[in-house]
Amino acid sequence: MKENNEAKNQTGETNTPTHFIQNIITEDVAQGNNNGNVVTRFPPEPNGYLHIGHAKSICLNFGLARDFKGKCHLRLDDTNPCKENVEYIGSIKEDVAWLGFNWGDNCFFASDYFEQLYSFAIELIKKGKAYVCDLSAEEIREYRGTLTEPGKESPCRSRSSEENIELFQKMRAGEYANGEKTLRAKIDMTSGNLNMRDPVLYRILKVLHHRTGDKWCIYPMYDFTHCLSDSLEGITHSICTLEFEDHRPLYDWVLDNLETSCHPRQIEFARLNLTNTVMSKRKLLQLVDEKIVSGWDDPVMPTISGLRRRGYTPASIRNFCDRIGVAKRDSTVDMALLDFHIREDLNRSARRVMAVLRPLKLVIDNYPDAQSEELDAINNPEDPSMGTRQVPFSKTLYIEQEDFMEDAPKKYFRLTPGREVRLRYAYFVTCNSVVKDDTTGEITEIHCSYDPETRGGTAPDGRKVKSTIHWVSASHARDVEIRLYAHLLLDQETETKKDFKELINPAHLEVLQGCKAEPALVEAAPGDRFQFERQGYFCADTKDHTPESPVFNRIVTLRDTWKKIQNKNQKKSK
RNA sequence: UGGGAUGUCGUCCAAUGGCAGGACACAUGUCUCUGGAUCAUGUAAUUGGGGUUCGACUCCCUGCAUCCCAGCCA
């Protein structure tokens, strides 16, 4: 694995320690198991959109295949036609590809194996390892026993193989109603593991399947399908989440009792949990259904499509997934780590631009009325090859409301009456006076004088200013809509078992109209990412942005030391 | 109360009988035409109790805590 990490370093990927699954596979390869081959798979059920938790699994499975020079299959686990839908298949493929992974020719469907699965079921029956059961769903539940008490055997358990085969064939032929019969494995009704108490292998479901149509009216259960699909595809390592740990004995039982040439090793790891958001399919669906969000791809959603629309880069998500590691312990990763990775990526790559979110008019009294000029601005100080641009400057500008304070506290470095600050890439200005609304007392305009000698932002006499603020020339400004996204859920300060909806951050979205942006932003195409200087990273919305009415989503704020100081002072004064 | 798993800085992950380390977060300082970035420094942990050992996060025993399982869902 050292080599892998070194290779990753050369391509700019982050270096991370090896995890237990890499160690297991390394050992398997060293022992020559599976002839040293590694084949993994990512097996989503097409019944919802992929989210950041799936991204962890995708990066793990495809990453392992990459590191061990093997393959990773994409397999749509479509064994329950009641819950699944074709429309999800496209989004799943799109999301995996967008994350940067390639399954080549290896996109499969569990439903591709229905005929083979049926043959395996017949084989099991012939061996006396499975039987058709007449018990109803409720009866099966009663017979199963409880966590602490053993179950009891079904009266159908002792049917002959011949009878079972005939019955199973009739099940397939549609001679029974939904729920009238099931095919069950004959294992052990007294097992401490409930999954081993004669689990259902096939159920009757008279519904159309999105791929096989009306060909089948019996459908195999997950426990029967998954292990055999893995085996059929020659998967060597079948990686899944912790809740399937109890299913592993059944996974192995099925493969051990059937003539299969490949017995993959199931390995379980802990799924991703993230602070400040929800990850369960049920809650995500609830947000969509109750219109708390605009859809699965709402930029506040932790879905891959939501993150994409928000402006996250695939690399930032991959780096995040590498960094969180893989282990068996239940854990909750701090959202701050995701924030860190998107900032890290965009700091290197995003073009800088000036935009004023909450405009305050600033007039430079000693600047000629009709004059305007073009000033050089650097596109990305982290990457000189991105060049410079021209930014128009004139007598009347907009600055950020929060960059001016009439009565400023000690540590406030920005504009305040009598103080000189730098307008980024432009001039030093000093605030002389303030215009207020007669009735509300609200500051409507501030008046400054500028020093013509400081053009470009440096003073020939070498004098310094405490701060630099961004600005936009009023007459050249473009009006834009800006959607300020924040974490979906509030920080949970105390352990709470409340309905998660009570924890939704009321400020998870704030829409700002009439924001002012420099003309360079006209060129923005949907999906383009920028750093709005001193504010954060923003992405032109892929659905709503047009050159005529630009819309930008805030991906993440810049780190904000000033806000921290303010918060601290607020706490002190409380 | 049956079965399965897991307990290491605030958070996530390492250390596989030999100096408990990294990342994020936090704090302090440096630098800066972004209160950004950078750079430097610091704070901070082995679930409790026994045992084995020259030496235990690691092995053994025993508590405790947390998570998963009683779908004809995956």
Side-chain angles (χ1 to χ4, degrees), chain A residues 14-19 23 43-45 47 77-80 82-84 133 135-137 140-142 144-151 178-184 190-197 199-205 219 221-223 225-226 240-249 268 270 272 275 281 323-341 343-344 347-348 352 354 377-378 381-382 411-414 422-426 428 456-458 464-470 531-536 557-565:
Chain A
T14 47
N15 195 355
T16 49
T18 63
H19 54 72
N23 294 340
E45 183 188 11
N47 73 342
D77 208 344
D78 55 352
T79 61
N80 187 347
C82 307
K83 297 197 169 185
E84 294 143 10
C133 184
L135 259 29
S136 69
I140 286 183
R141 198 185 318 124
E142 284 162 23
R144 186 156 34 224
T146 68
L147 291 177
T148 52
E149 300 160 84
N178 284 347
E180 198 177 330
K181 285 189 166 30
T182 56
L183 181 75
R184 294 227 260 162
T190 66
S191 173
N193 182 345
L194 266 34
N195 294 123
M196 300 300 270
R197 319 240 266 226
V200 171
L201 264 22
Y202 269 87
R203 76 288 216 187
I204 299 169
L205 251 26
Y219 292 94
M221 298 287 290
Y222 165 85
D223 285 306
T225 310
H226 202 85
C240 61
T241 44
L242 251 28
E243 68 268 28
F244 292 100
E245 218 149 18
D246 283 345
H247 293 248
R248 178 153 33 93
E268 309 86 13
L272 170 66
T275 63
K281 226 170 241 179
R323 179 54 63 188
I324 56 176
V326 178
K328 295 193 69 160
R329 178 182 356 174
D330 284 311
S331 61
T332 303
V333 174
D334 194 334
M335 183 64 93
L337 189 61
L338 220 206
D339 291 347
F340 167 80
H341 279 100
R343 285 193 189 111
E344 181 194 44
N347 177 49
R348 278 196 306 255
R352 274 98 286 192
M354 290 196 285
I378 295 165
E382 304 293 321
K411 286 185 175 172
Y412 187 85
F413 302 148
R414 280 108 95 147
R422 172 169 37 236
L423 295 173
R424 177 138 236 226
Y425 299 126
F428 286 9
T458 45
K464 302 282 186 196
V465 287
K466 274 291 248 185
S467 87
T468 300
I469 64 176
H470 62 280
Q531 184 197 97
F532 292 177
E533 294 221 25
R534 304 208 307 132
Q535 293 288 351
T557 62
L558 253 26
R559 278 185 71 228
D560 192 344
T561 312
W562 169 237
K563 187 170 268 173
K564 276 181 203 164
I565 295 169

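Numbers restart at 1 for each chain; the letters A, B, ... are given by sequence-line order, proteins then strands.
- Nucleotides A65(B) and G22(B) place their C1' atoms 27 Å apart, quoted to the nearest Å.
- Nucleic acid contact for Q535(A): none, since no nucleic acid atom lies under 4.0 Å from a heavy atom of the residue.
- Nucleic acid contact for T148(A): base, since at least one base atom lies under 4.0 Å from a heavy atom of the residue.
- Considering only the side chain of E245(A), G4(B) comes nearest among U6(B), G4(B), C12(B).
- Partners of R534(A) under the side chain to side chain donor-acceptor pair (under 3.5 Å) rule, at least two apart in sequence or in another chain, are D403(A), H470(A).
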query = Starting at the 5' end of RNA chain B, what dot-bracket string do you get if Watson-Crick and G-U pairs under 3.5 Å are bracketed, crossing pairs use [ ], other-strand pairs use | and unpaired bases use dots?
reply = .((((((..((((....[..)))).((((.........))))....(((((..]....))))))))))).....
task = Would you mind building the protein contact string for nucleotides 22-27 of chain B? One character per nucleotide, 5' to 3', B for base within reach (heavy atoms under 4.0 Å), S for sugar-phosphate only, - for untouched.
result = -SSSSS
Contact letters for nucleotides 65-74 of chain B, in which S counts primed atoms plus P, OP1 and OP2 and B counts the base, heavy atoms under 4.0 Å = --SBBBSBSB
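- Residue contacts shown for R248(A) are absent, as no nucleic acid heavy atom lies under 4.0 Å away.
- Note: W562(A) and Y412(A) meet the aromatic proximity criterion, with ring centroids under 6.0 Å apart.
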Can you pull every protein N or O that's under 3.5 Å from an N or O on nucleotides 14-19 of chain B?
| residue | atom | partner | partner atom | Å |
| --- | --- | --- | --- | --- |
| A14(B) | OP1 | V326(A) | O | 3.3 |

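- With sequence neighbours left out, R203(A) forms a side chain to side chain donor-acceptor pair (under 3.5 Å) with no residue at all.
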request  = Begin with the C-alpha distance, continue with both residues' side-chain angles, and end with the deciding distance and a verdict on side-chain contact (heavy atoms from CB on, under 4.5 Å) for Y222(A) and N80(A).
outcome  = CA-CA 9 Å; Y222(A) 165 85; N80(A) 187 347; over 6 Å; no
